[in-house]
Amino acid sequence: MQDSGIFWSRYAAPQRFYPLAGRLIPWFAIAAALLSLAGLVVGLGIAPTDAQQGEAYRIIFVHVPAAWMSMFIYLVMAFWAGVGLVFNARLSSMMALALAPTGALMTFIALWTGALWGKPTWGTWWVWDARLTSELILLFLYIGFLSLHAAIDDARRADRAAALLALVGVVNVPIIYFSVKWWNTLHQGASVSLSSAPTIATPMLLGMLLLALGFWMYSIAVALARLRTIILEREQHTAWVQRELRPEAGSA
């Protein structure tokens with residue numbers, strides 16, 4: 001516990017986290033590529049054809065991991081935004097801002113692939129189903145978080161305002177997850193649950209889990225890359241950023 005506390009206190013400063021993030025990005029990017037490739041091979045080439053939906057079901061190997069990540073990233077974003085709000089931690093607020101675009105992307109992918117899956121399965125691209133509607137609201141929350149932050153010139157005030165929005169929006173995540181249980185929705189129930197055994201074949205489950213891990217690694221890699229850019233923008237007037245941007249001047 002003491003070592004963990006020392007680690008976090010050491011890298012809580014943007015100046016110290018910046019080079020660490022740079023070292024971590026390639027590893028997460030490689031892991032993302034390998035896991036995603038393995039997931040696609042299993043999902044598209046090894047997993048059996050679904051008896052009811054045929055080959056059209058294979059869209060779930062992208063749809064389900066993207067939907068999982070859309071909710072997970074929002075919770076992580078809200079957590080870091082809350083930490084930044086309560087403890088006035090600059091790096092935490094920057095991390096929340098760095099996560100938001102990736103969360104919005106995952107939400108869009110979930111909605112888009114859901115429409116592609118819904119057309120042959122339900123006969124329509126979109127229905128105002130509880131699950132679909134709450135997922136669409138999640139996309140609006142991501143966009144609202146980014147728009148609100150961009151609308152305020154002062155970065156610290158923008159962090160606080162966007163954090164409040166993110167924390168209020170957390171209530172939508174359990175609505176998305178439990179919507180198929182709370183209401184009589186067109187969307188099918190969860191095939192993978194923490195409280196019960198999976199209801200799908202093992203290769204199908206493996207393909208989804210591999211792609212979910214791949215998406216997770218990708219999200220970390222791009223968030224860290226975006227975080228480094230945000231750090232440079234926020235700290236551009238400091239001496240260490242000037243040295244980072246002009247290494248030749250620092251060595252002269």
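Its side chain outside the 4.5 Å cluster rule for every partner, V171 clusters with none of the Ile, Leu, Val, Met, Phe, Trp and Tyr residues.
In this structure, L99 CG and I220 CD1 are separated by 9.0 Å, a value rounded to the nearest 0.5 Å. To the nearest 0.5 angstrom, F17 atom CZ is 4.5 Å from M95 atom CE. Taken to the nearest 0.5 Å, the CG atom of L34 stands 11.0 Å off from the CG atom of L210. The structure places OG1 of T202 at 12.5 Å from CD1 of I46, a figure rounded to the nearest 0.5 Å. Taken from CH2 in W80 to CG in D159, the straight-line distance is 14.0 Å, to the nearest 0.5 Å. Expressed to the nearest 0.5 Å, how far CD1 of I73 lies from OG1 of T107 amounts to 7.5 Å.
Nearest heavy atom pair, residue Y177 against residue M71, reads N-SD, 4.2 Å. The minimum heavy-atom distance between G214 and S36, with the atom names listed, is CA-OG, 3.5 Å. In terms of heavy-atom proximity, A155 sits nearest to H149 at O-NE2, 4.2 Å. Residues G43 and F61 share a closest heavy-atom pair of O-CE1, 3.3 Å. Across every non-hydrogen atom of G114 and H63, the tightest pair is N-ND1, 3.4 Å. Counting all heavy atoms, side chain and backbone alike, A166 lies closest to A78 at O-CB, 3.9 Å.
Note on I30 and V41: separate hydrophobic clusters, where clusters join Ile, Leu, Val, Met, Phe, Trp and Tyr whose side-chain heavy atoms are under 4.5 Å apart, directly or indirectly. Hydrophobic clustering of Ile, Leu, Val, Met, Phe, Trp and Tyr side chains at less than 4.5 Å, counting indirect connections, unites L136 with L75. Residue I60 is grouped with residue L44 when hydrophobic side chains (ILVMFWY) are merged at heavy-atom distances under 4.5 angstrom, including chains of intermediate members.
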Considering only distance and modelled atom types, tabulate donor-acceptor pairs under 3.5 Å from the side chains of residues 221-229, sequence neighbours left out.
unit_1, atom_1, unit_2, atom_2, d
R226, NH1, A98, O, 2.5
R226, NH1, T102, OG1, 3.1
R228, NH1, Y18, O, 2.7
R228, NH2, Y18, OH, 3.3
T229, OG1, A225, O, 3.4

With a 3.5 Å cut-off and sequence neighbours excluded, list the donor-acceptor pairs that the side chains of residues 139-148 form with protein atoms.
unit_1, atom_1, unit_2, atom_2, d
Y142, OH, S70, O, 2.7
Y142, OH, Y74, N, 2.8
S147, OG, I143, O, 2.8

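Each salt bridge (charged side-chain N to carboxylate O under 4.0 Å, His left out) pair with one or both residues in residues 142-151, not counting sequence neighbours, would appear here, but there are none. Sorted by first and then second residue, the side-chain hydrogen bond (donor to acceptor under 3.5 Å, both in side chains) pairs with a member in residues 86-99 read N88-R156, R90-E235; sequence neighbours excluded.
Counting heavy atoms from C-beta on, the side chains of T113 and V64 never come closer than 4.5 Å. Contact check for F215 versus W68: no side-chain heavy atoms found under the 4.5 Å cut-off. Side-chain contact check for E135 versus L138: some heavy-atom pair is nearer than 4.5 Å.
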Would R234 and L97 count as a side chain to side chain contact (heavy atoms under 4.5 Å, CB included) if you check the C-alpha gap in whole Å, the side-chain angles of each, and the deciding distance to 0.1 Å? CA-CA 12 Å; R234 296 277 189 96; L97 183 60; 4.0 Å; yes

Derivation and outcome, side chain to side chain contact (heavy atoms under 4.5 Å, CB included), residues W216 and L213: CA-CA 5 Å; W216 192 1; L213 288 172; 3.9 Å; yes

Decide side chain to side chain contact (heavy atoms under 4.5 Å, CB included) for Y57 and M204; before the verdict, give the C-alpha distance in whole Å, the side-chain angles of both, and the deciding distance to 0.1 Å. CA-CA 10 Å; Y57 92 98; M204 297 180 182; 3.6 Å; yes

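With S134 contributing its side chain and R131 its backbone, the two residues share a donor-acceptor pair below 3.5 Å.
In terms of the side-chain contact (heavy atoms from CB on, under 4.5 Å) criterion, residue partners of L85 (sequence neighbours excluded) are, by chain and number, R160, A163, L164, L167.
Using the six-membered ring where Trp is involved, W128 and W126 have ring planes that are perpendicular, over 60° apart on the 30 and 60° scheme.
Around the CG atom of D153, the shell of radius 6.0 Å holds no more than 12 heavy atoms that belong to other residues, nucleotides or ligands.
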